[in-house]
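Working notes, structure below.
Keep in mind that what you see is a predicted model, and the values were worked out from it rather than measured. We name chains A, B, ... by the order of the sequence lines, and we start the count at 1 in each one.
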Amino acid sequence: MSASSAFSDDKGGSSNVGEPEYGHDPASGGIFSSDYKRHDDLKEMLDSNKDSLKLEAMKRIVAMIARGKNASELFPAVVKNVACKNIEVKKLVYVYLVRYAEEQQDLALLSISTFQRGLKDPNQLIRASALRVLSSIRVTIIVPIMMLAIKEAASDMSPYVRKTAAHAIPKLYSLDPEQKDQLIEVIEKLLADKTTLVAGSVVMAFEEVCPERIDLIHKNYRKLCNLLIDVEEWGQVVIINMLTRYARTQFLNPNINECLLEEGGEKAFYGSDEDDEAKEEENAEVSPMAKRKPYVMDPDHRLLLRNTKPLLQSRNAAVVMAVAQLYFHLAPKAEVGVIAKALVRLMRSHSEVQYVVLQNVATMSIKRRGMFEPYLKSFYIRSTDPTQIKVLKLEVLTNLASETNISTILREFQTYIKSMDKDFVAATIQAIGRCATNIGEVRDTCLNGLVQLLSNRDELVVAESVVVIKKLLQMQPEQHSEIIKHMAKLTDNIQVPMARASILWLIGEYCEHVPKIAPDVLRKMAKTFTNEEDIVKLQIINLAAKLYLTNSKQTKLLTQYVLNLAKYDQNYDIRDRARFIRQLIVPMEKGGALSKYAKKLFLALKPAPVLESPFKDRDHFQLGSLSHLLNAKTGGYQELPDWPDVAPDPSVRNVELEEVFPTSEGRIGLLGDWREVPEWTKCSSRDKRKDKKVEKPFYSDSDGESGPTESADSGSDSASGSESGGSSSSSEEESGSGSESEESEEESDSEEEEQKKKRKKIVQRKMKPPASESAASEESCGEDQKILQKPKEIRSESDEEDESQSESSESESESEPESESEAEVKKKKKVSVPNLPSKQTRKTTVEKKEMSLLDLDDFEPTTSQVTPVNNVLSNSLVTDLEGLSLTDTMMSSATVTTASSLKMYELLHRIKGEGLAVEYCFSRQPFGSDSHMIAVQLHFTNNTTSEVKALRVEEPKLQSGMRMKEFPEIDVLPPSGSVTVVMGIDFSDSTQTANFQLCTHTRKFFVSIQPPVGELMMPVFMTENEFKKEQGKLMGMNELSEKLVLGAMCQNDHTIVQRVTSAANVSRVPCGSDKECRFAGKTMTSGSLVLVTVVTKADEGTVQLTVNCEKMVIGTMLVKDILQALNQ
Amino acid sequence: MIHSLFLINSAADIFLEKHWKSVISRSVCDYFFEAQEKAGDPDNVPPVIRTPHHYLINIYRDKIFFVSVIQTEVPPLFVIEFLHRVAETLQDYFGECSESVIKDNVVIVYELLEEMLDNGFPLATESNILKELIKPPTILRSMVNTITGSSNVGETLPTGQLSTVPWRRAGVKYTNNEAYFDVIEEIDAIIDKSGATVCAEIQGVIDACVKLTGMPDLTLSFMNPRLLDDVSFHPCVRFKRWESERVLSFIPPDGNFRLMSYHVSAQNLVAIPIYVKQNISFFESGSSGRLDITVGPKQTMGKPVEGLVVSIHMPKVVLSVSLTASQGTQKYDAVTKVLVWDIGKLNQQKLPNLKGSLSLQSGAPKPEENPSLNIDLKIQQLAISGVKVSRLDMYGEKYKPFKGVKYITKAGKFQVRT
């Protein structure tokens, strides 16, 4: 009541007659008359014109609600004020409404129109608050109104209103579950929302309304992963928990190989927690189950792990726990370790947090002991810890005990045993027992320690020790008859029933070890039988029976006596037991059929009890959940699904993919996917095939001067049949597919599935030719191809092989005799054909070599063809095309083809590298699923006469913000062989060098890669208008321009285009004027736009170069580079 | 998610209830009272209690139980963390979080709870946003309100929630622009009987009080960031910058907040500032015991140790003590059996000593365990781990702020076993 009196003090000015009475109202609840009166004056105040009176009244009413008093009869008076101008009055009325509307449905309807008006308010915050209150009023009649309001709000332009709509969904659902279907529609819509504000709320709605509709998540999965870090903390928890479940249904178990191995084997493989994938691979190779597919993580799975990891640093314990459980359930074993540190940190938090965290750590530490071992000391117990925390810490310590640390742990336990907290001491004794059973070496030590405790003054301690000793003795009774004797003596003193029962059982069980004492104990017990507790009585009967069977001479009478006593016991269990035993052991005249088995029944060898953690197998509940904590399923708990055996189609998460392709053609869609060129996937493959064919003649037609090769090329394509036209024109890497033939032979029956898997594994691999067609052709030519490629390999080293060669090699693999001759032709003509449109994809190399089934040599011909190509023609062609038509396909091809001229940089000189030469170039390909990574192609050449083994990257020393994805280790590089691999580096939009060591089996070389600024971006396609719009935004200091005079060589815009694109990875923007060339790109990491404009002033012979970029450093450097390129 | 909340004082009186969904009778708290009775000590009340139809998740803070009612699966930490956030918000608003303060400001508390949770799901938990919605009471404001009849509820609805920096309120203005950072480190240690360190670690926090106009973008860098092993941040800190450059870059919330907490890597040896020589013994006969404790400096880095307090939780059988302290005051509470020796500043020349006899309940067996000593201390101007802030830069605003960094080392859970 102090609250109300405080009010009256505060608001002394406005106090009134009713006040004093109210102030003295006893807490137990008011007298009715005074209640009545009080309400009267409240009503009066609410009816007054003064806002201050109304406010005062409302405050008192809310104070009543807060104390749980009934204020429902004021409803009519209050609801009138719903439209009050004063914002605080209004808010308090809302509070009241939400509380009582359910009870007074009819009257509540009076307020609805106010909210409906509010929903149309131009102010987003008023709209939101109207929706919030409207949806909180639990009145069934307004369900349709709510539904309508939610639907409308879900497409509101304000994200805040949309968030409120998401919050309203579960409210409506709980009011009327029949609306589920409609609500799911709204959820689906809101899930597609791209703002962080909405994400958490809508996932929460999803979890409450339709957690089973996992299919709704597919399209939003990647977005959710990417937004996660910016979502507010509560939303993060919900999203992470949901994604854990999602991932369990969609990805393969990253520890699948480990599961198959023996437990013992795992240590060898997982000594350190290094990079997982390498480990996984290694594991797969070493595994006896080598026949199994090596596991490669789905990039989406990796995305989830990567994006949640920073959240371990959240200040919010719930978020940290959510990430920890995600890692525990989803991450490869070697990576789970990162969560330990964060969890240990949480132990510093409030004791409730500690309690929950320890519960989870206890479960985790059973499965993953190594993870917490370094933090052993953090679990040491302080005398000031609450008992429940102590017990949990003890549990963790016990789980962590191993041969190496048991001595420290036992020393700790010794101090605990002396604690004043007896419950805790009892738990410690149990823990010692468990350590003793688990670790054989210390069993005797533990047992001795426990025996010493038998002389403890505290009975509870002794009793607990007896119980534990009993369990330990059962493991090796012969050696410990001394202890049994000692315990027999204890029966005189110990009163705790459980302990007495345990001792009696022990003596009975091992009576042959203590033949003299046992009958004596029975004698004593018989004396006190009537005063014993029930469990002790049962054990006395047991003891008697066992002694009778082994030593009937001495104990016959005693047994009879005990059984007689038991016969008249009050407890029917004991009476039953006595009757049963009498029938069994005492031979009767009728001769019970069972009595001859009595010995077997009683003296059977009993298995020693296994002392195990109560937390064992609790991890079938999702960690961090309430169900896990209680070890029982709670309402609304969603089971954590088991990993699927076969990963479901990952392409469902492709956002760009708008229509499902028929399976045989779907691969083109997949190709489009990994390239992340949305336009490709949009057009159905059939169309594209057509387009491609149209495109071919275009090439040959438009550049007549380059003629022969081009036409020969296209000819070869068409000649080698439509399938090659389709596949090779969509940038097929034939040699790759050739070597894959082994694989496809094996699995040609499950081709489709295989394709899907492969897409996961091969991040940047070439698409396979359509299955049915290629399988046959590959099979037939796979062998020959290898042979064919050998000479070519040499050739590729001797003279720079250019694109035409690879073109030919492609067609060779398709239709071999024909192409061979073609290759000849081309070889002759090669010199005369300097410039060829390079197809970007051809240069892409096989990156994930862990495909392991592939013979390395097979790759070389194609991969070694990565050579600088001059692509004036292609560019000019493209620009021409752009001028002509702007269809989707054209655009995409433009974006692809412009990025083509490659410059080789030296990474390791032949001499410095002791014969190993490494060159690199920026292939301008997307690197896997990681759009921030720049693909760097490394071309290794072994100039020595011996094999170079185990080529790999080690110890990358990266500048801040940079990341690196090493290429898979190259096992062997034969003498004078060469190989090309791709690695990804995220330079974080800077030209800092990426330093790392290149290791062979013998040597280490320090090398570094520094990107030219032009490689830090990727092309963006935009229209002229978009370009101008974006350029408009990047004026002022973001704009840099420079003038230069161009030589006669560079006058035409083809040259300009070519030079600019060679200097920077940008794509040309189509434009009407031929005086201007525009290019657009965006930086890899931050995605800032980079716009380049080159305006030619024919009369002056100068050009004006303008670069617009948010990142001024990049802009400045780019201007410099482009100028240089143009000045060549 | 969270269905209802009950605030219960130590006398088992429900003094506030709030329901976010339909009303749940307060009789549900009977299950809680049952568990409370069983546990005895409030610390031992299980945080999660199962009842036939509901789950009660509770926290105990500032002598108040915050009991929330849950009906379906929810991560328990989610609720616990939220309840603590409620308590912190109340603390922030009213300076303390006690029963009387809550009762005095019941309407504001109710309004706060209303804003913090919508249908059981957290809505606005950032104190900056809440303060925009509902102004905290100040003496001045309540006087003005009384006279003018204006209210505590913000006239404008929160804009912060819509911005990209939801933790900062818009339009902040100060005449004196200041930013203070307190680097507070706590030593958690267990020292065994012989004076050897069983385990010791340093946990630190950086609490900030930032009162800066506009939208300042701050960068705080350390001399030796490598010392920090494990960190957790306020959401305002840009994690990427920390990962790459080991600097704290952030747009701060307005007012007081905890910028980061950290853990100093376990490899570094922890300097233990003091040593304790103790001898506590109980005699087999005569129902008495003896106590002799001396505290001395060990590794204090030349800084004075202040606020030194030794508290001992005596065994039950200790009835009274007769002790003399060479420095400071000592007090024994016969009910809670806690002996507190408040030493104050550690005198290096004449080491403080506490000596005397303990009298035990006659006839009772002597206690087996010697009580452990809990030490509390404070060292000003020292971060014991050696962490040092090297500089603070501000971007985005023109004025020159006043900056200050303070270091304090405290004893955390510092225990000496005897």
Salt bridge or not for [X] and [Y], using N-O below 4.0 Å?
X	Y	answer
B:Asp230	A:Arg345	yes
A:Arg348	B:Glu186	yes
A:Arg99	B:Glu17	no
A:Arg963	B:Glu243	no
A:Glu102	B:Lys21	no

If I take atom [atom1] from residue [X] and atom [atom2] from residue [Y], how far apart are they, to the nearest 0.5 angstrom?
X	Y	atom1	atom2	result
B:Gln415	A:Asp385	CD	CG	8.0 Å
A:Asp423	B:Asn44	CG	CG	8.5 Å
A:Ser174	B:Gln71	OG	CD	10.0 Å
B:Asp188	A:Lys377	CG	NZ	14.0 Å
B:Glu126	A:Glu232	CD	CD	9.5 Å
A:Lys59	B:Ile108	NZ	CD1	6.5 Å

At a heavy-atom separation under 4.5 Å, does [X] approach chain B through its side chain, its backbone, both, or neither?
X	result
A:Ile381	backbone
A:Leu623	neither
A:Leu629	side chain
A:Arg382	both
A:Gln354	side chain
A:Gln388	both
A:Val353	both
A:Val320	neither
A:Glu207	neither
A:Gln622	neither
A:Glu233	side chain
A:Val89	neither
A:Tyr100	neither
A:Tyr355	side chain

Taking the side chain as every heavy atom from C-beta outward, state whether [X] and [Y] have any atom pair closer than 4.5 Å.
X	Y	answer
B:Asp229	A:Lys341	yes
B:Met1	A:Glu208	yes
B:Val74	A:Thr634	no

Taking [options] one by one, which has the highest count of heavy-atom pairs under 4.5 Å against chain B?
options	answer
A:Ser627, A:Ser351, A:Ala322	A:Ser627
A:His628, A:Lys418, A:Gln638, A:Lys50	A:Lys418
A:Pro310, A:Pro170, A:Gly200	A:Pro310
A:Arg411, A:Met420, A:Met58, A:Met321	A:Met420
A:Ser135, A:Gly624, A:Ser988	A:Gly624

Hey, what's the ring geometry for A:His350 with B:His84, parallel, tilted or perpendicular (30° and 60° as the breaks)?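 A:His350 vs B:His84 ring planes: parallel.
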Please classify the contact between [X] and chain A as side chain, backbone, both or neither, with a heavy-atom cut-off of under 4.5 Å.
X	value
B:Ala189	backbone
B:Ile80	side chain
B:Tyr55	side chain
B:Val109	neither

I need the residue from [options] with the largest number of non-hydrogen atom pairs under 4.5 Å to chain A.
options	result
B:Asp192, B:Val79, B:Asp118	B:Asp118
B:Arg85, B:Arg241, B:Lys18, B:Lys193	B:Arg85
B:Ser261, B:Gly412, B:Pro315	B:Pro315
B:Lys413, B:Glu245, B:Lys240, B:Arg258	B:Lys413
B:Tyr110, B:Phe121, B:Phe239, B:Phe233	B:Phe121
B:Arg246, B:His234, B:His19	B:His234

Do you know the tightest heavy-atom contact between [X] and [Y]?
X	Y	value
B:Glu115	A:Lys91	OE2-NZ, 3.1 Å
B:Asn58	A:Glu352	O-CG, 3.6 Å
A:Ala66	B:Val106	CB-CG2, 3.6 Å
B:Pro76	A:Leu626	CD-N, 3.4 Å
B:Trp20	A:Arg138	O-NH1, 4.2 Å
B:Arg50	A:Ala632	NH1-CB, 3.3 Å

Pair A:Arg132, B:Leu123 - check side-chain contact (heavy atoms from CB on, under 4.5 Å), show working. CA-CA 11 Å; A:Arg132 195 179 153 199; B:Leu123 194 61; 3.6 Å; yes
Can any side-chain N or O of B:Glu73 pair as donor or acceptor with the backbone N or O of A:Gly636 at less than 3.5 Å?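 Checking the backbone N and O of A:Gly636 against the side chain of B:Glu73, no donor-acceptor pair under 3.5 Å is found.
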Within the side chain of B:Glu81, is there an N or O that forms a donor-acceptor pair under 3.5 Å with the backbone of A:Ala317?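 Checked: pair present.
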What do the steps show when you test A:Val62 against B:Glu111 for side-chain contact (heavy atoms from CB on, under 4.5 Å), and what is the final call? CA-CA 9 Å; A:Val62 167; B:Glu111 284 170 337; over 6 Å; no
